[in-house]
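Here is the structure we will look at, set down as structure tokens.
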Amino acid sequence: MRNREIAELLYETADIMEFQQIEWKPRAYRRAAQNIENFGEDIEKVYEREGKKGLTEIPGVGESIADHIAEYLETGKVEKFEELKGKAPSGTTELMEIRGLGAKKMKKLADELEIKTISDLKDAVSTHRLRRLEGFGEKSEENIARAIENYEKSHSRIPLGKALPLAEEIISALKTELRIRTPDIDLSKIIYTGSLRRLKETIGDIDILAEAKERDAGGMMNAFVSLPEVGQVVSKGKTRSSVIIKEGFGIDLRIVPPESYGAALQYFTGSKEHNIELRNIALREGYKLSEYGLYSKDSGQQVAGRSEEEIYRKLGLKYIAPELRENRGEIKAAAKNALPELVDAEDLRGDLHMHTKYSEGAESLETMIKKAEAMEYEYIAITDHSRSQKIANGMEIETMKAQWKEIEEMSKRFRMKILRSSEVEILKDGSLDYPDEILKELDVVVGAVHSGFAVSEREMTGRIVTALENRHLDILAHPSGRLLGKREAYAVNFGKVFEAAAANGKVMEINCQPSRLDLNDELIFRAKDYGLKFCISTDSHAVSDLTSMRYGLGQARRGWLEKEDVVNTYPYSKLKGVFKKLRD
DNA sequence: GCCGTTTTCGGCCCGACTGTTTTCAGTCG
């Protein structure tokens, strides 16, 4: 999949155009880049199949950008972009990442101080050359110095698994502080928004929204910026403040009055693309939509704003869950009352992937069972690693048999159904890591690839398809093998994998580990089209991991999954119908 | 450069905050 790579190229080009004060084109390029990034299919494949015509079908991609993409795919570069790059300082795109530096200021820095890279900029700051420049001052120089520091510390995105608990922590700390300072104000409407509320796999900044009457807003802001977690206050106003917490992440707080709370929640939740589309609908219907509310164009009167529900309703749309707001067709579906009824946390009845001390888990079988039972699960599968996974203390057959015995004993003591299982290595040739007579004794077989990633797409596809054709395999674990921020998915033809899985009635895992989230939202969306079923599994290595269910659930919802699509929402009596060995 | 129930040209989201300047430009989301 080269979509991200091509999107990057377009973003970079947009930055350079911006620097050269070219109007509107940067916006067009960024829009195209964003759509390519979110495009479900590999656009290289689209180009191979349908040529340039296929590329222009992508929203935001017209004749010209399609030409550039084609050139890039054919030759590995774009002549025009190279030319453009040659005219801009070498570090332009990097410098544009410095908070507070936009195209105009950068141009000035390049023209008057010959600043071309971040290290040039650092130099200019330390020798105080910046503050003497017209339009700059002492304050800007200090801010830029700090911005460079922040850029160097962490300019990468925060994984959902880190951002979500962090946001909850900050909100809870803020509430505690406010209860002490101003005990009589309503604290029920403080919520995280942005890509975090949409449960995207990684988050840039954490955005928090709070409702408060005007007279209470100041006090709330003061409480926020003086939280002990705050490392640096970037800006502070009556309605918006921006801080960087000690861990290095940016957090924004916005405060709005009650009559605008719903509109602000809608607006700040995004996505940007979803909102632009929504605004267009508002305009067509004779309204104007902003973060303050929905207003009648003629009278200027507010017609909605207290709640999101009210806004969607007035626009003739069903309420759209945050996870769907990516402008991937949800608005059209909402207009036709054809939105999916998304799978919910309460629907989940079990967890089909977890480890114990038998392989690389940290806890005993009993500890895992106790915790799962406390979570009111109806069933779990114990999936310790198979024998060839030496590094993860994979189980020899004898060890596994001992585990079966313990499972049997536990089954007498606990109400919950405990399934015999294993995360079985899919070997290089696509065969499974235990002989058939062992596999058939397992209730569920979870197959996974853990090694030998660096093979051709054909080879990896063949390996996985062979495994999917094995009658003993039930679930394909973390199907893409990616590790967020560390390792790309291995080269594999997902079309063929999904086809084989569908033909053989196999279940696709949505792995909840924050570093995996695999399948991701786009692949889930694609896989659903093949009629596949999924399981949302934590791949727990300790009891604390059992709660990471919500991260995978978020991806499932982002992939438009309904309860029926997810087999671990089924009661055990129905689950038995899904897996062959349980059925027989 | 893209796009179209305001359609093949002329728009393209828009409001808050900061710093520098003294009424506003630049940046951000």
Side-chain angles (χ1 to χ4, degrees), chain A residues 10 13-15 17-19 21-36 55-69 78 80-81 84 95-109 130-144 146-147 193-196 203-209 217 221 225 233-243 250-256 260 263-264 266-295 297:
Chain A
L10 296 176
T13 308
D15 280 347
M17 286 172 161
E18 185 115 66
F19 170 77
Q21 331 277 307
I22 297 170
E23 279 193 300
W24 304 115
K25 286 191 193 185
R27 187 174 293 190
Y29 272 72
R30 290 204 180 101
R31 198 170 111 76
Q34 193 159 12
N35 284 320
I36 288 168
L55 295 178
T56 58
E57 308 266 299
I58 300 166
V61 178
E63 285 292 321
S64 168
I65 291 181
D67 274 342
H68 296 323
I69 294 173
V78 182
K80 208 179 136 193
F81 294 174
L84 211 54
L95 282 167
M96 296 274 281
E97 298 234 346
I98 301 291
R99 197 193 161 90
L101 269 193
K104 299 269 170 64
K105 287 191 177 175
M106 266 227 27
K107 184 97 168 72
K108 193 149 190 126
L109 292 176
L130 222 61
R131 64 175 64 174
R132 291 200 293 269
L133 221 54
E134 191 198 338
F136 290 77
E138 205 169 321
K139 217 52 189 261
S140 336
E141 194 175 85
E142 283 166 23
N143 286 340
I144 286 173
R146 268 203 301 260
T193 66
S195 51
L196 182 55
I203 278 86
D205 279 351
I206 295 172
D207 291 314
I208 298 173
L209 176 73
M221 261 329 167
V225 298
V233 180
V234 178
S235 66
K236 178 169 176 280
K238 262 185 280 184
T239 66
R240 180 174 142 196
S241 293
S242 198
V243 304
I251 303 191
D252 282 6
L253 174 66
R254 298 166 207 258
I255 301 178
V256 295
S260 294
Q266 196 291 314
Y267 178 81
F268 292 119
T269 297
S271 68
K272 199 170 161 187
E273 298 298 309
H274 175 91
N275 287 353
I276 287 173
E277 193 62 33
L278 219 56
R279 279 187 182 211
N280 287 337
I281 291 176
L283 287 174
R284 279 210 295 276
E285 302 285 323
Y287 299 115
K288 186 173 143 336
L289 179 62
S290 75
E291 61 258 53
Y292 295 104
L294 186 66
Y295 297 89
K297 231 181 188 173

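Naming convention: chains lettered A, B, ... in sequence-line order (proteins, then strands); numbering from 1 in each chain.
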Under a 3.5 Å limit on both distances, the Watson-Crick or wobble mate of B:dC14 is B:dG29
**Report entry** More than 12 heavy atoms of other groups within 6.0 Å of A:Lys272 NZ
**Finding:** no
Item to check | Under 4.0 angstrom between A:Tyr292 side-chain N/O and B:dA16 OP1 or OP2 | outcome: yes
Note to self: Is it the case that B:dC12 (base atoms only) and A:Arg27 (side chain only) share a donor and an acceptor within less than 3.5 Å, ignoring hydrogens and angles?
What the structure shows: no
- Please confirm whether the backbone N or O of A:Ala103 pairs with a side-chain atom of A:Glu18, one donor and one acceptor, at under 3.5 Å? no
| Can any side-chain N or O of A:Ser260 pair as donor or acceptor with the backbone N or O of A:Ala263 at less than 3.5 Å? | no
Open item on the list: What contact category does A:Glu63 fall into here, base, sugar-phosphate, or nothing, at under 4.0 angstrom with non-hydrogen atoms?
Closed with: sugar-phosphate
From CG of A:Asp207 across to P of B:dA16 the rounded distance in Å is 16 Å
Practice problem: Select base, sugar-phosphate, or nothing to describe what A:Lys238 touches, counting heavy atoms under 4.0 Å on all strands. | Solution: sugar-phosphate
In short, A:His68 meets A:Lys80 closest at the heavy-atom pair CE1-CD, 3.8 Å
Taking atom P in both B:dT18 and B:dC12, compute the distance separating them and give it to the nearest angstrom. 28 Å
From CZ of A:Arg279 across to P of B:dG11 the rounded distance in Å is 19 Å
Practice prompt. Answer yes or no: are there more than 12 heavy-atom neighbours, outside A:Glu142 itself, under 6.0 Å from its atom CD?
Written response: yes
To the nearest angstrom, the NZ-P distance between A:Lys272 and B:dC28 comes to 12 Å
Comparing A:Asp252 with A:Arg31, nearest DNA chain B nucleotide closer to 5' gives the residue A:Arg31
Numerically ordered, the residues 280-288 of chain A set in heavy-atom contact under 4.0 Å with DNA chain B is A:Lys288
| message | Within the 4.0 Å heavy-atom criterion, would you say A:Ala32 contacts the bases, only the backbone, or no part of the nucleic acid? | response | nothing
Taking the side chain as C-beta and beyond, is there a heavy-atom pair between A:Val234 and A:Arg99 under 4.5 Å? yes
So what does A:Glu138 touch, heavy atoms closer than 4.0 Å: a base, only the sugar-phosphate, or nothing?
sugar-phosphate
B:dG4 and B:dT23: how far apart are their C1' atoms, nearest whole angstrom?
39 Å
N or O in side chain of A:Ser140 less than 4.0 angstrom from B:dT18 OP1/OP2: no
Please tell me if A:Ser64 has a side-chain N or O lying less than 4.0 Å from either OP1 or OP2 of B:dG1.
yes
Legend entry - N or O in side chain of A:Thr239 less than 4.0 angstrom from B:dC17 OP1/OP2: yes
* Under-4.0 Å side-chain N/O to phosphate OP1/OP2 contact, A:Asn275 with B:dC13 -> no
Can you check the distance between B:dT27 and B:dT20, where both ends of the measurement are the P atom (answer in whole Å)?
13 Å
Checklist entry - Say you pick atom C1' in B:dC9 and the same atom in B:dA16; how far apart are they, in whole Å? => result 33 Å
Item checked: Exam field: side chain A:Glu23 to backbone A:Gln21, donor-acceptor pair closer than 3.5 Å -> no
Exercise. With heavy atoms under 4.0 Å as the rule, sort A:Leu101 into base, sugar-phosphate or nothing.
Key: sugar-phosphate
note: A:Lys107, atom NZ; B:dG26, atom C1'; distance rounded to Å ~ 16 Å
Walking DNA chain B from its 5' end, the first of A:Glu141 and A:Trp24 to be reached, judged by nearest nucleotide, is A:Trp24
note: A:Met96, atom CE; B:dC28, atom P; distance rounded to Å ~ 8 Å
request  = Mind checking A:Tyr29 for me? I need base, sugar-phosphate or nothing, with any heavy atom below 4.0 Å counting as a touch.
outcome  = sugar-phosphate
Checklist entry - Is the ring of A:Phe136 stacked on the base of B:dT20, with centres less than 5.5 Å apart and planes under 30° off? => result no
Between A:Arg99 and B:dG29, is there a contact of a side-chain N or O with OP1 or OP2 at under 4.0 Å? yes
Using a heavy-atom cut-off of under 4.0 Å over every strand shown, decide if A:Pro59 touches base, sugar-phosphate, or nothing. sugar-phosphate
- Query: If you measure from the C1' atom in B:dT21 to the same atom in B:dG26, how many Å do you get, rounded?
  - Reply: 13 Å
Item to complete: Give a yes or no answer on whether the side chain of A:Glu291 reaches the backbone of A:Tyr267 with a donor-acceptor pair at less than 3.5 Å.
Response: no
* Flag the pair A:Val61 / A:Asn35 as yes when at least one side-chain heavy-atom distance between them is below 4.5 Å, and no otherwise. => no
Here the distance between atom P of B:dT27 and atom CG of A:Asn143, to the nearest Å, is 13 Å
With sequence neighbours left out, the residues meeting salt bridge (charged side-chain N to carboxylate O under 4.0 Å, His left out) with A:Asp252 are A:Arg254
| field | Nearest-angstrom distance, C1' atom, B:dG11 to B:dT6 | value | 11 Å
Kindly say if A:Lys105 contacts the phosphate of B:dG26, meaning a side-chain N or O under 4.0 Å from OP1 or OP2. no
note: A:Ile251, atom CD1; B:dC28, atom P; distance rounded to Å ~ 20 Å
note: A:Lys139, atom NZ; B:dT27, atom P; distance rounded to Å ~ 18 Å
Under 4.0 Å, heavy atoms only, any strand: does A:Ile98 hit a base, just the sugar-phosphate, or nothing?
sugar-phosphate
With rounding to the closest Å, how many angstrom separate the C1' atoms on B:dC3 and B:dT8? 10 Å
